Every structure is written in C-alpha cells, then in structure tokens.
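Below is one structure, written out as structure tokens; the observations come after it.
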Amino acid sequence: MQESIKTYQIYPFLSWNVSILLFSVVAAVNGQIRYSIPEEMRKGLFVGDIAKDLGLDVRRLVSGRARLVLEDDNQYVVLNQNKGHIVVNERIDRERLCAKKSPCSFSLEIVLEEPLELFSITIEIQDINDHAPVFPKKEINLEISESTPTGTVFLLDSAADPDVGTNSLQSYSLKANEHFVLKQHTRADGSKYAEMVLQSGLDREKQSKHALILTAVDGGEPQMSGTVKIHISVLDANDNSPVFTQSIYKASVLENALRGTIIATVSAVDADQGYNGNVTYSFTHLEDGSACPFEINSNTGAIKLVGDIDYEASPNYEINLQAKDPWGVTGASKLVIEIVDENDNSPVVTMASYSGKISEDSPPGTVVALISVQDKDSGKNGQVHLTIDEHLPFKIKSSLRNYYTLITAQTLDREKLPTYNITLTATDEGFPVLSNKKSVYLEVSDINDNAPVFSQSLYSAQVTENNSPGVPLLQIRATDLDQGQNARISYFLFEDELNGNPVSAYFSINTESGVIQSLRSLDYEQVKEYKIRVKAQDGGSPPQSSNTSVIVHVQDQNDNPPQVLYPVQTGGSLVAEMVPRSADVGYLVTKVVAVDVDSGQNAWLSYKLQKATDRALFEVGLQNGEIRTIRQVTDKDAVKQRLTVIVEDNGQPSRSATVIVNVAVADSFPEVLSEFTELTHDKEYNDNLTFYLVLALAVVSFLFITCLVVIISVKIYRWRQSRILYHSNLPRSIARFWFLSPIFKNGIWSRTSRPSCKMANATYSQPVSFSRPFSLSSGGTDPIFDPRGAQNGVPCWKCGTRSRLGSKKASFWTGPYRYGRKHSVHRAENRQRDFSCE
C-alpha cells in the first residue's frame, strides 16, 4: 500500500496569523498527511484543510460522521465537519508534550464511516522562543584558594532552557573582571556549558571576596536571557583540585528496580595530602524542588535509587557530578543513566467508533466497531494482538496501525438473542505476557414485526358524578416487543357515538401516557355507564396497532334532595287531613310519600317530625313516613294541628326536604271549615304585614314632624305677642314687671302664673315673671310683692296705691302688712289709682 505524505509548515506572524507552505504532495490510495504548526497557538486557529488535502468532498465528511481519533486523552485539535478544516482546540505546549525531543509531533487518525475509511495525520509542533534560560540557583558560591594556579578551570552551573534549536541556550557571558575569563563548551548531545578560568593569581590579603555576574543567552527572536550572581571567597593555599577517574560515567537500571538499589559508584582523586586531599561528592545543576530519583553518598560516591522511575516518562537521565576538597576546589564529571524498558504496561483497548447497535437484518461483513489498541511499552513489549470469543457471530479484522475492525460473521436474529456481551482481549508479545480485556454491549435493533399488546382485553374505571372536567379516569398500557420508534406507542379513541354525540365530546386520551380524562361533568341520573374503544399504534413503518375496550362506570353522588310526592304542597288551596275525636292510639292520619332520584344509600329516606302544634299527639314513622296518633284524642285538643315533617336521605352530606301537614281534629266538616277559614288567610295576612309596618312608620314620622312645626309656631307667636305688648301704651314698668320678672309658685319658679290687677279704668291680666322681690319707687299704683311671703316660699301679691307726688318719696301699701320701717307719706297731689289683687 502506498502512502502519500503531505507536509505543511505554519509559522507565527504578528497575531498568530497562520500561513501554510506546501512542500510536497504525492498521490496514493490511502493518505498520510503531515502538518507543521508552532506551539502556543490560540484556540480556533487554522491547522489544515483536510478535505482539500485528502481530495474529499465536505459532504462526505458530514455523511461519514468524520471524527478525529487521538492516541492520548488530550484533544489538541478538532475537526470542523462543515468546512473540512482542522483547527486548534486547546493550547499546545511543545515543552510539555515532547520536552527536549526534536522534532516534536503527535499523530492522529480521521475515521469515516459508511464505508469505513481511515486516514493518518501527523502534526509537528515547532518550538517558539517562549522560555528564557534559567539557572538552577539564584547565586553560585565558590571558595578558591589563593594559591590556585593560573589557568585553573571552575565548572559553573548550566542554565536550563526548555526550548530547542536556535531558541535554546546559545552562549554564556561573564561580567568583565581582571581575574577570571569564561570558556564555553558543547557536549556531545549539543548542550552547552561554561567554565570559568582563572587568568591572574588571587591575593586574599588584597581582596578576599569577588562578585561576578554570569549571563545565559538564547538565540530566539526576541532574544531572552537569564543571569546568576557568582560570589567567590578566596581561601588560603590548596594546590590541587579533585579529578574524577572518568570524564563520563554510564550506568543502566531496570525501570521497576527497587528503591535503594546501587546504580553506580564514582570516585575522584586529589593530589593533595592530608586534610586537603579529602573529597566530597554531590550532584549539581539540579533545579530547586525537582524530584531526582537518585541520591549520591557524599563520602563514598555511591549512587542509589531513591524514587520511582518510568521508561515511558523518561528513558534516560544525565546528572552532573562534582567533587570538592575542603578548601572548595572542585572537579566535575557527568553520569548518564539509561532506563531499561520492561513489560510493565498492559495494552489499552479504546473504542474509536462504536454505536452499540446493529440491525438484525444486517448482512455478514457489516462493520460493528472500530477498535484502537495501544501499548506504551516499546519493542516487542508494545506489539499487541486482539481476539474475541470464537463462538460469537463476529470476527476481528486487522486494519491500519494498531487498529482493528469488529465485523459480523453471520446473520443475526434478534428474536433468538437480542443482545451480545462481547469481550475483547488485547495481548502483547512481551515477557511476561500482559493482556487487557474490555467488554462491549451490543444491542440488536429490531424491525417492526410486532404489534402493541394491551395488558387487559377489557378495562373498567369508576368516576363519581359531578366530576370536574379534566379529571383522570384511568391509565391504559400496551407493550410492544419491538424497540425504539417501533415500540413507541400512541393511543387514540375510536370516533364512536355516545348518546348521539361523538366520544371526543365526553372523553380524551393522552396519546403518550394513555391517561383517559373526562372532558365534562357526568350525571349518574342521565347515563350510568359509558363504553369506549381505544387503539394503540406503534411508530414503526408501516405502523401496527391493536384495540381494547374501556367501560366507565359513573358512581352516584348525593346531589339531589328528596322530593315530596304527597301531601301535595299548593299555594292556592289548603289540604288538611281529618282525624275524628274518637280516634284511638295508633290511628293512621296520613302518609308522607317522598322519593330521591339518587341511588343506593343516597336514596334511603328517613322521616322525622320537626315541629308540631302538639308533639304529644302525633308521631312519624322513621322509615315509612306514616303519621299516627300516639295517644287518645280528647275534646281539649285543638281542631287545627300543624305538623312540619322533614324528609332526609342517607348521603354524605345528607340532603333534606320539609313538608307541612295540616290536620283537623273534628267529627264534622262544618267545624273544620270554620276553623280553617282563618288559616287560609294566614298567607294573605303575612303578605300584608310588611305593608302595614311601613305605613305605620310613615304615619308616626309625619306626626312627629307636625308636632315639631306646631311647637315652633307657638314659640314664634308668643315672641311676637310680647313684642307687641312691649311697644303698647301701658306703663313701661308694668310691662317690664309682667314680662321680665318670674314668680315663685309652690316653691317652683314659673312663667305661667297670671296675677291680675284691677284699675279704676281697666283690668290687666298678663303673664308675669320676676327674679327678686321689688316695689315701685315712682308715682302711681303698681302691683307690690311681699318679700315676707317670698321668704316662706309663697309669693303674695297685694294691691297698693302709688301717688305721683311732687317729692321723690312715695308711699306703698302691702295690705294689712307693711314692709320695712314706716315711711313718711306725702299726700298725693295727683290722681290715684286703686288696684286689687285676685
């Protein structure tokens, strides 16, 4: 099989605008395409036009449900089916993906279905200068003896730059000074390191401390750098530095080696003797916080395993070694540890394309699933095989690299076996052999060859009358042995007629749930039972259906009160039952007859005597409504007997009706007629009672208003008479006396006493009022009040003589009594007027 390799490179320009450079295109049956893109591209940026490069129509990608299958769980890119483009799905960090490995790439496959096609794509991630060189420590502390000869080399800590190529570390530079110069070297693997060379002797007495700055620069654009400070302490004489026995040490270890295993032992020799020849060992260039799985014994140089190692994570380790004497003179070497792969990873089975369903009419050779098998081990440890149970009607067919297809080997029959539990076994070729199993559940989909089946051939439901519209009556269920749309059942009512109306006027059914509802309030007294037909139809093509019948029984409710048939209650005439006075105990007077259109206990009636003229004379049968006498009728019993009977049903709540029974206790009809004549007018009297009450209220109101008007008129009249008298020719003092001063009568002040005084010429009789005893001090004759009588609570009026004299003094008389002391009396020169009191 030929392969076509299409290589594209995408370089960042400005805001990650991507341009595509086509290097070569070679036509073949199955294609392998290679794209090249820079790391750190934003989500959604264009990677490649897969439809164009594969020569496929975009519609083929949609119809074939094209999708990308990646080897790991990181979905770095996604496929846009509508455009046929591969675009970035998440940020790609080359250093995280490949570390120092170059070139860095990852592979993926495009899977198309119906028919199955598989295309392999490799995407290369190009490095960009997104990391600056970083030293493992912020400061380097060196102790150098002042006797150190010129030309002595000091290995400095190397800077680490995760980038590769020109973006990685390129050179070192040292701040200019008079004692040290910098030399750069390149290792076999291309990594660079720096050595500081002493070019002029040190004199501790002149300067015991030196401070330098080491700068590491990469070759990216823009250029990035990192620095570290070097602090040098000048020590006294130590002529020789430690020297390792090998410039590079190599060792290997199994990836599942136990902790504590000795990997290698290094050693260094110092030509000095005694204390100056003591050497200690250590690792250098280790980043702070980094987890190194190895540890070196500072005294013996033995290196042992102290952590977990994994070939798949890191196949080798390079460790810088340092030997230092007590005066700080150091020697350097390198340790390379190779991790030996072991078969410690089981194969991983992944369903690249699997729907979980297959139609029972699928022909042999139909693809059921596309399976990917991956093993992280290398060599034979990573070579795998996939098998299934031979008794199943399926087989495994090898496809592209590490891909297999599961196809049908014979015709399937869902009625015999509707599901299959297929166990996929992946086995590698390592030692010991490792395997992994994955079980998949396959459902055989059915064609529409089964009709719905009701759980019952006849359904029945009960509903209480006067129900609320929309109340659910019952739910019917039908089952279909088919699946999916073929088993989706819808329910319908046959358009039959009930009482001349279509069924849909009374009931409805939920097409999905099969719940039957009543659309109107049902009446037991009209229809006691409804029979409807229901059809269940599946969603297959063509659809299949089955029928069933539903009988709805309407239950009675106590919604009707009893109706009295006898005695008949009429408004125009009076019906009375006659009981002779010779009636004995238990005499049947009459029978109250009532019916209830309800049924059952709602129609069970009971009769009770609610009110009666004489309760001791009659009783009512509780069940039959018969009115009988309970004692002997006597002459003292009233002729008119009025019984009120209540008829009550046995429903919950109960309903009742009342009937009035008029009974005449008499031996002859004329006696009855005379007594019940007044009774016939009771209704007319009650009708006129309200009218008379309203009329009486109106008359009383009229009389009250009339009295009020008369009182006001009299008051006004008296006031006018007093005004007329006040302006008449009578002496002002008399008028003032008559009308302004009250009198005291029987101990009560009164304004109604009328004392009369007779004059020679006329007699005056007017109402008089006063507030205190008084007399007239001027001439003439006026009524005189006796204060002595007033002191006893009894007023006394006498006639006195008032003379108009020339002097201002006047004499007044009080009859046989005289008030006060004697006064001189002047004979009146004018006429006198005589008064008498009546």
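For this chain, numbers begin at 1 and follow the sequence in order. Note that the coordinates shown come from a computational prediction; the quantities given were computed from them, not determined experimentally.
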Examine distances only and state if a side-chain atom of Thr408 and a backbone atom of Gln410 form a donor-acceptor pair shorter than 3.5 Å. no
Do Asp308 and Arg259 sit within salt-bridge range, that is, some charged N less than 4.0 Å from a carboxylate O? yes
Would a 4.5 Å heavy-atom cut-off, applied to side chains only, mark Tyr76 and Ile125 as touching? no
Taken to the nearest 0.5 Å, the spacing of Ile121 CD1 from Leu108 CG works out to 5.0 Å
Taking all non-hydrogen atoms of both residues into account, name the closest pair between Ile489 and Ala536 and its distance. CG2-CB, 3.8 Å
Please work out which of the three classes, parallel, tilted or perpendicular, describes the rings of Tyr459 and Phe454, given edges at 30° and 60°. perpendicular
Output yes when a side-chain donor or acceptor of Glu255 lies under 3.5 Å from a complementary backbone atom of Tyr311, and no otherwise. yes
Just so I know, are the side chains of Glu40 and Asp93 near enough to count as touching, which here means a heavy-atom distance under 4.5 Å? yes
Is a donor on one side and an acceptor on the other found under 3.5 Å between the side chain of Glu124 and the backbone of Arg34? no
Please name the pair of heavy atoms, one in Pro562 and one in Asp596, separated by the smallest distance, quoted to 0.1 Å. N-OD2, 3.9 Å
Are Val527 and Val554 close enough that some pair of their side-chain heavy atoms sits under 4.5 Å apart? no
Quick one: does any side-chain atom of Asp538 pair with a main-chain N or O of Asp480 as donor and acceptor, under 3.5 Å? no
To the nearest 0.5 Å, what is the distance between NE2 (His385) and OG1 (Thr427)? 8.5 Å
Decide yes or no for Met41 and Ile92: does some side-chain heavy atom of the first lie under 4.5 Å from some side-chain heavy atom of the second? no
Does Gln563 have more than 12 heavy atoms from other residues, nucleotides or ligands lying within 6.0 Å of its CD? no
Just by distance, do the side chain of Glu39 and the backbone of Ile128 share a donor-acceptor pair under 3.5 Å? yes
Side chain to side chain contact (heavy atoms under 4.5 Å, CB included) for Val368 and Ile422? Distances and angles first, verdict last. CA-CA 11 Å; Val368 178; Ile422 305 173; 5.6 Å; no
Note, Thr423 side chain near Asp389 side chain (heavy atom, < 4.5 Å): no
Are the side chain of Ser445 and the backbone of Ile358 linked by a donor-acceptor contact shorter than 3.5 Å? yes
So do Lys43 and Asn89 actually touch side chain to side chain, heavy atoms under 4.5 Å? yes
Output the distance between atom OG1 (Thr122) and atom CD1 (Ile33), rounded to the nearest 0.5 Å. 10.0 Å
Check this for me: Arg655, atom CZ, are more than 12 non-hydrogen atoms of other residues, nucleotides or ligands nearer than 6.0 Å? yes
Tell me, yes or no, whether the heavy-atom count around Lys528 atom NZ, taken from other residues, nucleotides or ligands under 6.0 Å, exceeds 12. yes
I'd like to know whether Arg67 forms a salt bridge (Lys or Arg N to Asp or Glu O under 4.0 Å) with Glu113, so could you lay out the CA-CA distance, the side-chain angles of the two residues, the decisive distance to 0.1 Å, and finally the verdict. CA-CA 10 Å; Arg67 61 187 177 279; Glu113 298 179 1; 2.8 Å; yes
Test side chain to side chain contact (heavy atoms under 4.5 Å, CB included) applied to Ser513 and Gln475, step by step: CA-CA 7 Å; Ser513 63; Gln475 183 179 19; 3.9 Å; yes
Just by modelled atom types, is the Asn448 backbone N or O under 3.5 Å from a matching donor or acceptor in the Gln544 side chain? yes
Do Asn467 side-chain atoms and Leu522 backbone N/O form a donor-acceptor pair below 3.5 Å? yes
Is there a donor-acceptor pair under 3.5 Å between the side chain of Asn558 and the backbone N or O of Pro653? yes
Any sub-3.5 Å donor-acceptor pair from Thr405's side-chain atoms to Lys397's backbone N or O? yes
Heavy-atom side-chain proximity of Tyr506 to Ile532 below 4.5 angstrom: no
So how far is it from Leu424 CG to Ile388 CD1, rounded to the nearest 0.5 Å? 7.0 Å
Side-chain donor-acceptor contact under 3.5 Å, Asp482 with Asn450: yes
Please step through side chain to side chain contact (heavy atoms under 4.5 Å, CB included) for the pair Asp413 and Glu360, ending with a clear verdict. CA-CA 6 Å; Asp413 189 353; Glu360 66 174 336; 3.8 Å; yes
Rounded to the nearest 0.5 Å, what separation is found between the OG1 atom of Thr350 and the CD1 atom of Ile371? 10.0 Å
Looking only at non-hydrogen atoms, find the nearest pair between Glu529 and His553 and report the distance. OE1-CE1, 3.0 Å
If the plane angle is over 60° it's perpendicular, under 30° parallel, otherwise tilted; pick one for Tyr420 and Phe394. perpendicular
Could you give the distance from CG (Leu481) to CZ (Arg414), rounded to the nearest 0.5 Å? 7.5 Å
Do you see a donor-acceptor pair shorter than 3.5 Å between the side chains of Asp598 and Asn560? yes
For the student: nearest non-hydrogen atoms of Ser518 and Phe507, plus distance: CA-CD2, 4.0 Å
For atom CZ of Arg59, decide whether the heavy atoms of other residues, nucleotides or ligands shown that lie under 6.0 angstrom number more than 12. no
Of all heavy-atom pairs between Gln81 and Val62, which one has the smallest distance, and what is that distance? O-CG2, 3.8 Å
So which atom in Pro115 and which in Arg60 form the shortest heavy-atom distance, rounded to 0.1 Å? O-NH2, 2.9 Å
Quick check: do Leu112 and Leu56 have side-chain heavy atoms less than 4.5 Å from each other? yes
Side chain to side chain contact (heavy atoms under 4.5 Å, CB included) between Asp375 and Gln383, worked out: CA-CA 7 Å; Asp375 195 321; Gln383 295 180 4; over 6 Å; no
Does a side chain donor of either Asn256 or Asp344 reach within less than 3.5 Å of an acceptor in the other side chain? no
Out of Asn436, Asn381, Asn345, Asn343, which residue meets the side chain to side chain donor-acceptor pair (under 3.5 Å) rule with Asp428? Asn343
